[in-house]
Every structure is written in structure tokens, then in C-alpha cells.
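In what follows, every heavy atom counts, from backbone to side chain, and hydrogens, waters and symmetry copies are set aside. Everything numeric here is computed off the predicted structure, so don't read it as measured data.
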Amino acid sequence: MMLCDCPAVPPARHRPCAHTLPRLAAALLMAVAVLASVWVAFAVHRAERAQAVAERGHRHLVAGTALTSTGTYFQEHGIRSVPPVRAAWEYPRGRSRSGEVPVARPVERGERIRIWVDDRGSPTPEPRSTAGARGAAVVLGVACLLLGSSAAWGAHHAAAAVLLRGRLRTWEREWARVEPLWSGRAR
């Protein structure tokens, strides 16, 4: 895109630069995109943080004992997958439970493991962290900013194309009127 070499302040009684409207539209949309991305980031952070705090209140870390060993683990595309093990744990105090639980590393039978359980004592995933809430807020805020700036760029170019088309039509009409006089064909 070529930069406009029009004067910064147009003289009195002159039309503004043809690039002014598309630039104003793009600047307005960029301002809206920045404000929207900040709002989205804060809203996502608030919601994710509230969810993480709620999960922390209803998920409990207990000690368990592996009743089976993991055996072989799978490695596919550089990602290691450890099969779940059968384990026994106690939650709430005095109530024994057992079942299959996921483990992060291979374990042997009889080994002590950490198990996350819900209020009823059933195995559950580890609760979300507040750092994860910040990460989600940053990712969605940046995504919103990128989408908004893309919309601003598209609006700028669409408005510039429409205005250019109108200017070219006006120029063609004027040229059709002036050209016969200028070339000397109209006498």
C-alpha cells in the first residue's frame, strides 16, 4: 500500500484526502478490537479462576496404594501414555474404596500413589490451576485482538477499494467530458 503524500492539514475549501475515511474506519475498528480483547481476557480470567477455585474446594488429594502394576507403557509420536492402575484409597476417613485411577508414571504393585478424588471419594482429574486461568485469558485475548485487527485491515481495504472505484468512475466521466476539448477533436 502506498502512503498518501497529501498535506497533513488540507487547505480550506478542499476535500479531505481520499485515504482519510478508510484510515478512520480502520483506526476505529482497531480501538474496538483492543477494547474487546481486553474485555474478553478479563472475562475469561475471571470465569476460569472462579472455576479453578470451585474445583479446589471439591477435589481432594489422598494417598493410595497401587494394587496392580502399570506394565508396559505406550509411546506414540513422542508422547508417553501410561495405562491406569487398579488402586485402593480411603476417603472420607474410614471408608475404603478401590478402582482404576490414572497415573503419570509407571508404578509397581504396592507402591504409594497420589489420587485426586471428589467429595464422594470417586477418582477425578486434578483441579485446574489459577496459572491455567491466566494462560487461557492471554490466549483468548490475543486471539480476539488478532481477529479484530484482521477485521480492521479488511474494512480498511474494502473501504479504500469502494472509494477508489468511485473516484475512478468520476475521473472517467470527467475525462469523457474534457478529452474531446483537450485533444482538439471537438471544434
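As a member of the Ile/Leu/Val/Met/Phe/Trp/Tyr network built from side-chain separations under 4.5 Å, V138 groups with V142, L146. Side-chain heavy-atom separations under 4.5 angstrom define the hydrophobic clusters, and the remaining members of the one that includes W116 are L61. Chaining together hydrophobic side chains whose heavy atoms lie under 4.5 Å apart places W182 alongside W171, W175, V178.
The 12-atom threshold is exceeded at CZ of R56, counting heavy atoms of other residues, nucleotides or ligands nearer than 6.0 Å. Atom CZ of R97 sits in a crowded spot, with more than 12 heavy atoms from other residues, nucleotides or ligands closer than 6.0 Å.
Take R93 and apply the side-chain hydrogen bond (donor to acceptor under 3.5 Å, both in side chains) test, not counting sequence neighbours, and it matches no residue. Residues passing the salt bridge (Lys or Arg N to Asp or Glu O under 4.0 Å) test with R128 are E48, E55, sequence neighbours excluded. Listed by chain and number, the residues in a side-chain hydrogen bond (donor to acceptor under 3.5 Å, both in side chains) with R95 amount to none (sequence neighbours excluded). In this view, E108 and S69, E111 satisfy the side chain to side chain contact (heavy atoms under 4.5 Å, CB included) rule, not counting sequence neighbours. For R165, the side chain to side chain contact (heavy atoms under 4.5 Å, CB included) test picks out R169, with sequence neighbours left out. E174 is linked by a salt bridge (Lys or Arg N to Asp or Glu O under 4.0 Å) to R177, counting only residues two or more places apart in sequence or in another chain. Listed by chain and number, the residues in a side chain to side chain contact (heavy atoms under 4.5 Å, CB included) with P106 are T70, Y73, R80, V82 (sequence neighbours excluded). For H58, the side chain to side chain contact (heavy atoms under 4.5 Å, CB included) partners are D119, not counting sequence neighbours.
Taking every heavy atom of both residues into account, V62 and E90 meet most closely at CG1-O, 4.3 Å.
Without hydrogens or angle criteria, S122 side chain to D118 main chain gives no donor-acceptor distance under 3.5 Å. At distances below 3.5 Å, not a single donor-acceptor pair connects side-chain atoms of R86 with backbone N or O atoms of L67.
For the atom pair CD of E126 and CD1 of I115, the computed distance is 13.5 Å after rounding to the nearest 0.5 Å.
A 4.5 Å side-chain heavy-atom check between T68 and R109 finds every atom pair outside the cut-off. With a 4.5 Å cut-off on side-chain heavy atoms, V85 and E100 do not count as touching. Residues H156 and R23 meet the side-chain proximity criterion, which asks for heavy atoms closer than 4.5 Å. Here the side chains of V101 and P84 are not in contact, with every heavy-atom distance at 4.5 Å or above. Counting only heavy atoms from C-beta outward, the side chains of W89 and S96 never approach each other to under 4.5 Å.
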What side-chain donor-acceptor pairs closer than 3.5 Å can you find for residues 24-45, not counting sequence neighbours?
residue	atom	partner	partner atom	Å
S37	OG	A33	O	3.2
S37	OG	V34	O	2.8

